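One structure below.
Heavy atoms only: backbone and side chains are in, while hydrogens, waters and symmetry mates are out. Here the structure is a predicted model, which is why all the values come from computation and not from measurement. Here is the naming used below: chain letters follow the sequence lines, and residue numbers restart at 1 for every chain.
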Amino acid sequence: MISMLTSDAGASILADLNEPQRRAVTHRDGPLLVLAGAGSGKTRVITRRAAYLVHTGVPARNILAITFTNKAADEMRRRIETLGVERGMWIHTFHALGARLLREFGSLVRVEPGFTIYDEADQLRVLKEAMDLCSVSPQFHRPEAMQARISQAKNRLESPGDCAERAENFEQRSLARVYEAYKELLEQRNAVDFDDLLTRVAVLLRQHPEITERLNARFRYVLIDEYQDTNHAQYLIARYLSQHHRNICATGDPDQSIYGWRGADIGNILEFERDYPDAVVVRLEQNYRSTPDILRAASKLISANRRRKRKDLWTDNRPGVPVRVWSFAEGRQESKRIAETIAALRGDGRPYSDMAVFYRINAISRELEDALRQRGIPYQIARGVEFYGRKEIKDVLAYLRVLVNPRDEIALLRIINVPARGIGKTTLGRLRRAAEQSEQRLMDVLRRADEVPTLKVTAAVRVRKFVALLDELKNLVKGPVADAVGKVLALSGLEAALKEERESGGEDRLANVQELVTAAAGYDEETEEPTLLDFLQRVALTNEQDAVDESAGCVLLMTLHAAKGLEFPVVFMVGLEQGTLPHERVLADERDIEEERRLCFVGITRAQESLYMTHAQQRLLRGKRVPRCASQFLHELPDDATVWEQFEPPARDAAGESPEAQDGFVPLDDQLPPEEICPPSRRARTRRLAPVEDEPCFSPDDPTGVAATPVTHSPYADWKPGTLVEHEQYGVGQIVWVRPSPGQSRALIRFAGYGEKTFVLEKTPVRRLQRR
DNA sequence: AGCAAGATGCTTTTT
DNA sequence: GCATCTTGCT
């Protein structure tokens, strides 16, 4: 094999690879599945493989590499260039690939080349409009829920017609109608949503074999990363694009599939070998990232999942310290201790950028931020929205969008009175009604505002001025994008309005907008043929996550989802409690629990040297103090790789001051059977770190042992904290604790609208909701 | 037209 | 607890 490589760069392609890695890199033709365990050098394999193909004679332009994030795509591009591969390879995210293909072939599936990409907020607006048209009240159907269901339907490639046919009840029929209207509205505006970028392409490839064949002729090799996260549409695209040569290389790790809730189908990777019976499968099981203890903890945890492929991760890395599992009485204590630990580690010479804190839900970050700020620890939060989500930025972008696509009504409505130019609700309502009645586009009606009979003369004049502004801008925006943005700012009056806001002591939004100009200038510079259209597409498909700077000298805070693909020497995973991880919304479904377990697995496997996993026995959530119990996943970790430490609540003040005043800890209600809040399994090994002044009711040594009574005969024996139940009067609720007892089983149940109530189960009209 | 006080409703979010 | 949207008022 090596003899096939001629250049020095070629030789370096196979340097420092282990045997399975080498097999994956040098595999030539036919389907290949690389099952890459966490930290097993997957990125290295993919990039080397792409480079290897080129060095053995495959022209770069015949290779298509698909990733899920821009960051991954950029990284890959960078690495491949370092390996001396010429340009011409297609390296894109699925969505960018979709956009590129739709620009070229979209008209075959009712998408015209200048189409606009709607982000989630835009989508929601269109959807609300669609619901309005269908007289479906947002009171009864949450638009967000509808959006999710439409998205699901799309990704299954179901048309509104399919949905209507399949509809069995009123609800589903409403959905089909709204979906239809939504689709119609998008088409009228020549706009697509994120899903369309995938599903339209899938439909295109299915309906037009000649195009599929053409693309196959070009893409002789197709590489897909993070295959475990593909949804059905992406799966089809990958299949169609590789159907001729069958040189499909999928890499991924089923144990890291964490986007099932967004339609990703773990089955795609699990059943790859069924789809491609001749597939060569390479397993990368040597981990180069973590200590043996961390790895053992991760492996043991994930082995509880049924829906997976067996994998034996191992490492040659030197032994380190065991995983620390920390129990706190209260959430604030947890944050405080973590901040202290971070400060201490820093004191020992560990840079802040070596450390990261992960949590399941964003709500937990606030407490942490407070604690970090108090200690003066610099941190950075990786959040989704931010820059391009800002109002002023969206305003400017809306101008650009209208210039590119006058049919983009969402953008048009956004800017028509921004800055205020006296075209208010009334005028707008009249214009829209006129458009509807004459079945014209809103833009065309604006052009003929004089002819709208319901409009007052002053209003018509203002509209005319607005149209003139757009026309003028349109003539000016031919050149570089940065210039276009500048002209929009100057001529629209936005700049003046923002200046005034700043002068009058408001926020400096102008600075943000100027940042956009800078971004546009950067784009102009690095792009060969800068166009407004392309710039807007980039903005739509870019996300702030890409801007996370891992070397900024800060501690990084992020959700577990955001952590995927990253690694840190020191990792803290916080808030590991039933109801948070696994999240309460999924407790009823075993399959969903498995995804939560994978999420936990992803978190653990990010850690290189030390890992801290923490939970609290009570925590402020949505403004309420709620009792919590340790995540079941903590109990699934192996004993010989973990050390459990319990931090006692701060002692009660001798003067009798209430504990709330000190650290927010409230002794749990006496009624609570302690064993249900914190299961007893770990007690024997729990080490106390603080002297116990005041025995809390979950004391490890409490011998009263209510739960010691065998309860296996109780019909409620398998009711656990987190179990979902339905009460005749209060609706669906969740068990906080339960104590089975003959004829007298008590449970505390938390209901959505009614708070928490204690019941004697035998005397209460409450039933368990079935597990799927 | 614009603001301010109430009502609501809250996992995760590669694109 | 908070942010976001709606409603009602001026």
Original post:
Is any NZ, NE, NH1 or NH2 atom of the basic residue among A:Arg77 and A:Asp74 found under 4.0 Å from an Asp or Glu carboxylate oxygen of the other?
Top reply: yes

Original post:
Taking the side chain of A:Ile361 as heavy atoms from C-beta outward, which of B:dT14, B:dT15, B:dT11 is closest to it?
Top reply: B:dT11

**OP:** With A:Glu367 as reference, evaluate A:Arg332, A:Arg619, A:Arg373 under the salt bridge (Lys or Arg N to Asp or Glu O under 4.0 Å) test and give the passing residue.
**Re:** A:Arg619

Original post:
Can you check whether A:Gln578's main-chain N or O pairs, donor with acceptor, with A:Gln632's side chain at less than 3.5 Å?
Top reply: no

**OP:** Compare the ring of A:Trp261 with the six-membered ring in the base of B:dT12 and state whether they stack (centres under 5.5 Å, planes under 30°).
**Re:** yes

Original post:
A:Arg366 side chain N/O closer than 4.0 Å to the phosphate oxygens (OP1, OP2) of C:dA3?
Top reply: no

**OP:** Extract the stems that DNA chain B is part of, considering only consecutive pairing runs of at least three Watson-Crick or G-U wobble pairs, both distances under 3.5 Å.
**Re:** B:1-10 with C:1-10

Original post:
What nucleic acid atoms does A:Asp195 come within less than 4.0 Å of, heavy atoms only: base, sugar-phosphate, or nothing?
Top reply: nothing

Original post:
A:His561 side chain: which of B:dT15, B:dT12, B:dT11 is closest?
Top reply: B:dT12

**OP:** Provide, to the nearest angstrom, the distance between the CG atom belonging to A:Leu127 and the P atom belonging to C:dC5.
**Re:** 15 Å

**OP:** Measure across A:Ala38 and A:Asp253 and return the closest heavy-atom pair with its distance rounded to 0.1 Å.
**Re:** N-OD2, 3.6 Å

**OP:** Kindly say if A:Arg360 contacts the phosphate of B:dT11, meaning a side-chain N or O under 4.0 Å from OP1 or OP2.
**Re:** no

**OP:** Over all heavy atoms of both residues, which pair between A:Ala233 and A:Thr199 is shortest? Give the atoms and the distance, please.
**Re:** CB-CG2, 3.9 Å

Subject >> Distance-only donor-acceptor test, A:His583 side-chain atoms vs B:dT11 base atoms, 3.5 Å >> reply: no

Original post:
Can you tell me how far C1' in B:dT12 sits from the matching atom in C:dC5, rounded to whole Å?
Top reply: 23 Å

Original post:
Does A:Thr67 place a side-chain N or O at less than 4.0 Å from the phosphate oxygens OP1/OP2 of B:dT14?
Top reply: no

**OP:** Nearest whole angstrom, please: distance from the P of B:dT13 to the OH of A:Tyr259.
**Re:** 7 Å

Original post:
With A:Arg308, which residues qualify under salt bridge (Lys or Arg N to Asp or Glu O under 4.0 Å), at least two apart?
Top reply: A:Asp255

**OP:** Look at all strands and tell whether A:Gln228 reaches a base, only sugar-phosphate, or nothing, counting heavy atoms closer than 4.0 Å.
**Re:** nothing

Original post:
If you find the nucleotide of DNA chain B closest to A:Arg622 and the one closest to A:Ala96, which residue's nucleotide is nearer the 5' end?
Top reply: A:Arg622

Subject >> Distance in angstrom units between A:Leu576 CG and B:dT12 P, rounded >> reply: 16 Å

**OP:** With sequence neighbours left out, write down each residue that passes ring pair (Phe, Tyr, Trp, His ring centres under 6.0 Å) with A:Phe68, or none if nothing qualifies.
**Re:** A:Phe94

Could you go through nucleotides 1-8 of chain B and list every protein N or O atom that sits under 3.5 Å from one of its N or O atoms, giving the distance for each pair?
from, atom 1, to, atom 2, distance (Å)
B:dA1, OP1, A:Gly424, N, 3.0
B:dA1, OP2, A:Lys425, N, 2.7

Subject >> Euclidean distance for P, C:dT4 against B:dT13 (whole angstrom) >> reply: 16 Å

Side-chain donor/acceptor pairs under 3.5 Å, residues 144-151 of chain A, sequence neighbours excluded:
from, atom 1, to, atom 2, distance (Å)
A:Gln147, NE2, A:Gln123, OE1, 2.6
A:Ser151, OG, A:Asp195, OD1, 3.4
A:Ser151, OG, A:Asp195, OD2, 2.9

Original post:
Below 4.0 angstrom from OP1 or OP2 of B:dT12, is there any side-chain N or O of A:Asn362?
Top reply: yes

Subject >> Partner residues of A:Phe358 under the ring pair (Phe, Tyr, Trp, His ring centres under 6.0 Å) criterion, sequence neighbours left out >> reply: none

Original post:
Could you give the CG-to-P distance, from A:Asp592 to B:dT12, as a whole number of Å?
Top reply: 16 Å

**OP:** Assess the pair A:His561 and A:Trp261: is the distance between their ring centroids shorter than 6.0 Å?
**Re:** yes

Subject >> Separation of B:dT15 C1' from A:Asp74 CG (nearest whole Å) >> reply: 14 Å

**OP:** When you get a sec, tell me which of B:dT15, B:dT14, B:dC10 is the closest nucleotide to the side chain of A:Glu120?
**Re:** B:dT15

Subject >> Chi-based syn or anti call at B:dT11, which uses purine or pyrimidine torsion atoms and a 90° bound >> reply: syn

Original post:
Taking the side chain of A:Arg142 as its heavy atoms from C-beta onward, which of B:dT13, B:dT11, B:dC10 lies nearest to it?
Top reply: B:dC10

**OP:** Check whether any side-chain N or O of A:Asn70 sits under 4.0 Å from OP1 or OP2 of B:dT14, and answer yes or no.
**Re:** no

Original post:
Does A:Glu567 use its side chain to pair, donor to acceptor, with the backbone of A:Gly39 at less than 3.5 Å?
Top reply: no

Original post:
Which whole-number value in Å describes the distance from A:Leu541 CG to B:dT13 P?
Top reply: 19 Å

Original post:
Can you check whether A:Arg262 has a side-chain N or O nearer than 4.0 Å to OP1 or OP2 of B:dT15?
Top reply: no

